[in-house]
Trainee: 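Quick one: the structure is below, and I'll ask about it shortly.
Treat the numbers as computed from the prediction; the structure is a model and nothing was measured.
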Amino acid sequence: MDAELVAVVAAIALTVGFSYTNGFHDAANAIATSVSTRALSIRAALALAAVGNLAGSFFGAKVAKTVGAGIVQLPPGITALTVVCCGLLGAIGWNLLTWYFGLPSSSSHALVGGLVGATLPAAGVVLWGGIVEDVVLPMLISPLLGFALGYLLMLAVLWTFRRGHPKKLNRGFRIAQTCSAAAMAVGHGMQDAAKSMGIVVLALVAGGYQRDWDIPIWVYFLISAVLAAGTYSGGRRIIATLGRKVIDLRPPEGFAAEATASSVLYVAALGFGAPISTTHTITSAIMGAGATRRFSAVRWGTAGNIVGGWVLTFPAAGLVAALFSWPLVAATT
C-alpha cells in the first residue's frame with residue numbers, strides 16, 4: 001500500500017471521526033428547544049435529529065463544493081493529504097473541548113479554521129476572498145438574521161394567538177415543534193454533513209483518485225450515517241446550555257426559534273451554497289424569540305460566553321491544526 005493511499009484512508013477516517021463529534025456536539029442544534037419545552041423526549045428527539053440529518057445530507061452538494069474547493073488550494077500529493085488530516089485534528093480537538101464544557105460552538109468554523117491553520121505552514125494557498133465571502137460574511141449575517149427573524153416571528157405568533165387559551169396553545173405548539181425540529185434536523189444535515197463530504201472529496205482529489213468535485217454516492221451514505229450515529233449518541237451538555245441556560249423556553253418560542261433557524265439554513269444551503277453555522281443560527285433565533293418576553297429574560301451572561309466561543313473557534317482550531325501541520329508537513333516534504 002503506497003503512502004498516498006494510506007494518507008487518503010487516514011483523511012477519510014479522520015473525517016468520519018470529525019462527523020461523529022459533529023453529531024453529538026451539534027445534536028442540540030436541532031433538538032434543544034423541543035427537549036426543553038417537553039415537546040419531545042430526549043430519545044425521540046435524538047432519533048428524529050438523526051433521521052433528519054441523514055435526509056438533509058442529500059441536499060447539501062453546493063455546500064460540499066464550497067468547503068472542498070473554495071477555502072484552500074493545496075500542493076498536490078502527500079502534502080495536501082497531510083494538511084487535510086491536520087486540519088481535521090484541529091477541528092476535532094476544538095469540538096471535544098467545547099463539548100466537555102457544554103459550549104455550543106460552531107463545528108463548521110472549527111473545520112474551516114483547522115483547514116486554514118494547517119495550510120499556512122504547508123505553502124498552500126488560502127483563498128481569503130472565498131473565506132470572507134462564503135464564511136465570514138455568512139458568519140456575521142446568519143446570527144443577525146436569526147435574532148431578527150426569531151423576534152419578528154414570535155411577535156407574529158403572540159399577536160395571532162393573543163386571545164388563545166395558554167394551555168391549549170402550549171399543547172398545540174408542542175405538536176408543531178415536532179415538525180419544526182424535523183425541519184431543523186434536515187437543515188443541519190444540509191450544512192454539516194455536506195461540509196464533511198466536501199473534505200472527503202478534497203482528499204480523493206488530492207490523492208489522485210478523483211478529478212472532479214462530484215460527491216460519490218458512497219460518501220453520502222458514509223458521512224450521513226456517521227453523523228446520524230453521532231447525533232443519536234447524545235449531546236446532553238449542550239442541550240442543557242441551549243435549552244435552559246440561555247432562556248427558559250416555552251413551546252411557542254421553541255417553535256418560532258426552530259422555524260426561523262431552519263429557514264435560514266435552507267436558504268443558505270440551497271440558494272447560495274454558503275456553509276453557515278447551525279449553532280450560531282439556532283442560538284441567535286432562541287435569543288430573538290425569547291427577547292419578545294422582555295430583553296432581560298435572556299441570560300446575556302451565558303449568551304456572552306457563547307459568543308466568546310464563536311469568536312475563538314476559528315483561530316483556536318487553526319492554531320491546533322498548525323501545531324500538527326508544521327512538523328508533519330516538514331517530515332513529508
Side-chain angles (χ1 to χ4, degrees), residues 11-35 40-60 63-64 67 87-112 114 181-200 215 218-243 258 261-262 265 269 275-283 309 313 317:
I12 294 173
L14 284 170
T15 305
V16 167
F18 170 77
S19 296
Y20 190 81
T21 65
N22 189 339
F24 70 67
H25 188 280
D26 288 5
N29 296 335
I31 64 172
T33 55
S34 297
V35 172
L40 293 169
S41 69
I42 191 164
R43 288 289 184 185
L46 285 168
L48 178 65
V51 173
N53 283 333
L54 185 63
S57 66
F58 291 94
F59 299 94
V63 174
V67 172
L88 288 163
L89 287 171
I92 291 169
W94 183 251
N95 268 0
L96 292 175
L97 181 66
T98 50
W99 168 81
Y100 180 80
F101 288 104
L103 187 65
S105 69
S106 169
S107 296
S108 307
H109 296 146
L111 180 60
V112 174
M184 187 68 201
V186 172
H188 182 253
M190 284 182 186
Q191 285 286 338
D192 288 51
K195 290 157 194 166
S196 294
M197 292 188 294
I199 297 302
V200 172
I215 304 169
W218 64 267
V219 176
Y220 279 102
F221 282 104
L222 173 65
I223 296 301
S224 58
V226 171
L227 183 62
T231 298
Y232 190 72
S233 72
R236 290 168 176 78
R237 293 172 186 265
I238 295 170
I239 288 170
T241 299
L242 273 183
E258 289 173 337
S262 58
L265 292 174
I276 67 171
S277 168
T278 316
T279 306
H280 292 192
T281 308
I282 186 61
T283 306
T313 293

Trainee: State, yes or no, whether a side-chain contact exists between W218 and V200 at a heavy-atom distance under 4.5 Å.
Mentor: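 When only atoms from C-beta onward are counted, V200 and W218 do touch, with a gap below 4.5 Å.
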
Trainee: Just verifying a value: how many Å separate K195 NZ and H109 NE2, rounded to the nearest 0.5 Å?
Mentor: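 It is 7.0 Å, given to the nearest 0.5 Å.
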
Trainee: Quick one: CG on L111 to CG on N22, what's the gap to the nearest 0.5 Å?
Mentor: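 The CG atom of L111 sits 8.5 Å away from the CG atom of N22.
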
Trainee: Is there a donor-acceptor pair under 3.5 Å between the side chain of T98 and the backbone N or O of N95?
Mentor: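 Such a contact is found between T98 side chain and N95 backbone.
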
Trainee: Can you confirm if the aromatic rings of F58 and F221 lie within a centre distance of less than 6.0 Å?
Mentor: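 Yes, close enough.
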
Trainee: Restricting to non-hydrogen atoms, name the atom on A181 and the atom on L40 that form the minimum distance, rounded to 0.1 Å.
Mentor: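 Closest heavy-atom pair between A181 and L40: CB-CD1, 4.4 Å.
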
Trainee: Applying side-chain hydrogen bond (donor to acceptor under 3.5 Å, both in side chains), can you list everything that pairs with S262, at least two apart in sequence or on another chain?
Mentor: none

Trainee: Does M197 reach the side chain of L222, with side-chain heavy atoms less than 4.5 Å apart?
Mentor: no

Trainee: Grab the two heavy atoms, one from S196 and one from I223, that are nearest each other, plus how far apart they are.
Mentor: CB-CG2, 3.6 Å

Trainee: Please examine the side chains of L96 and F24, heavy atoms only from C-beta on, and report whether any two atoms are closer than 4.5 Å.
Mentor: yes

Trainee: For A110 versus A91, what's the shortest heavy-atom pair and its separation?
Mentor: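 Closest heavy-atom pair between A110 and A91: O-CB, 3.6 Å.
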
Trainee: Going from OH on Y20 to OG1 on T231, what distance comes out if it is rounded to the nearest 0.5 angstrom?
Mentor: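 Those atoms lie 9.5 Å apart.
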
Trainee: Supply the atom-to-atom distance L48 CG to S34 OG, rounded to the nearest 0.5 angstrom.
Mentor: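 If we round to the nearest 0.5 Å, L48:CG and S34:OG are 7.5 Å apart.
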
Trainee: Could you check whether any side-chain heavy atom of M184 comes within less than 4.5 Å of a side-chain heavy atom of L265, counting everything from C-beta outward?
Mentor: yes

Trainee: Between Q191 and T278, do the side chains contain an N or O donor and an N or O acceptor separated by less than 3.5 Å?
Mentor: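 No, T278 and Q191 have no side-chain donor paired with an acceptor closer than 3.5 Å.
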
Trainee: Side-chain donor-acceptor pairs under 3.5 Å in residues 11-18, sequence neighbours left out?
Mentor:
| from | atom 1 | to | atom 2 | distance (Å) |
| --- | --- | --- | --- | --- |
| T15 | OG1 | A11 | O | 2.7 |

Trainee: What are the two closest heavy atoms between A45 and V35, and how far apart are they?
Mentor: CB-CG2, 3.7 Å

Trainee: Might you point out which heavy atoms bring V67 and P275 nearest each other, and give the distance in Å?
Mentor: CG2-CB, 4.0 Å

Trainee: Assess the side chains of W99 and T21: does a donor N or O sit below 3.5 Å from an acceptor N or O?
Mentor: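 Looking only at side-chain atoms, T21 and W99 do not form any donor-acceptor pair under 3.5 Å.
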
Trainee: Enter the distance from N53:CG to S19:OG here, rounded to the nearest 0.5 Å.
Mentor: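 Output value for this atom pair is 10.5 Å.
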
Trainee: Could you tell me if the side chain of W94 sits less than 4.5 Å from the side chain of T313, heavy atoms only?
Mentor: yes

Trainee: Do S107 and D192 come within less than 4.5 Å of each other through their side chains, counting heavy atoms only?
Mentor: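 Contact flag for S107/D192 side chains = yes.
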
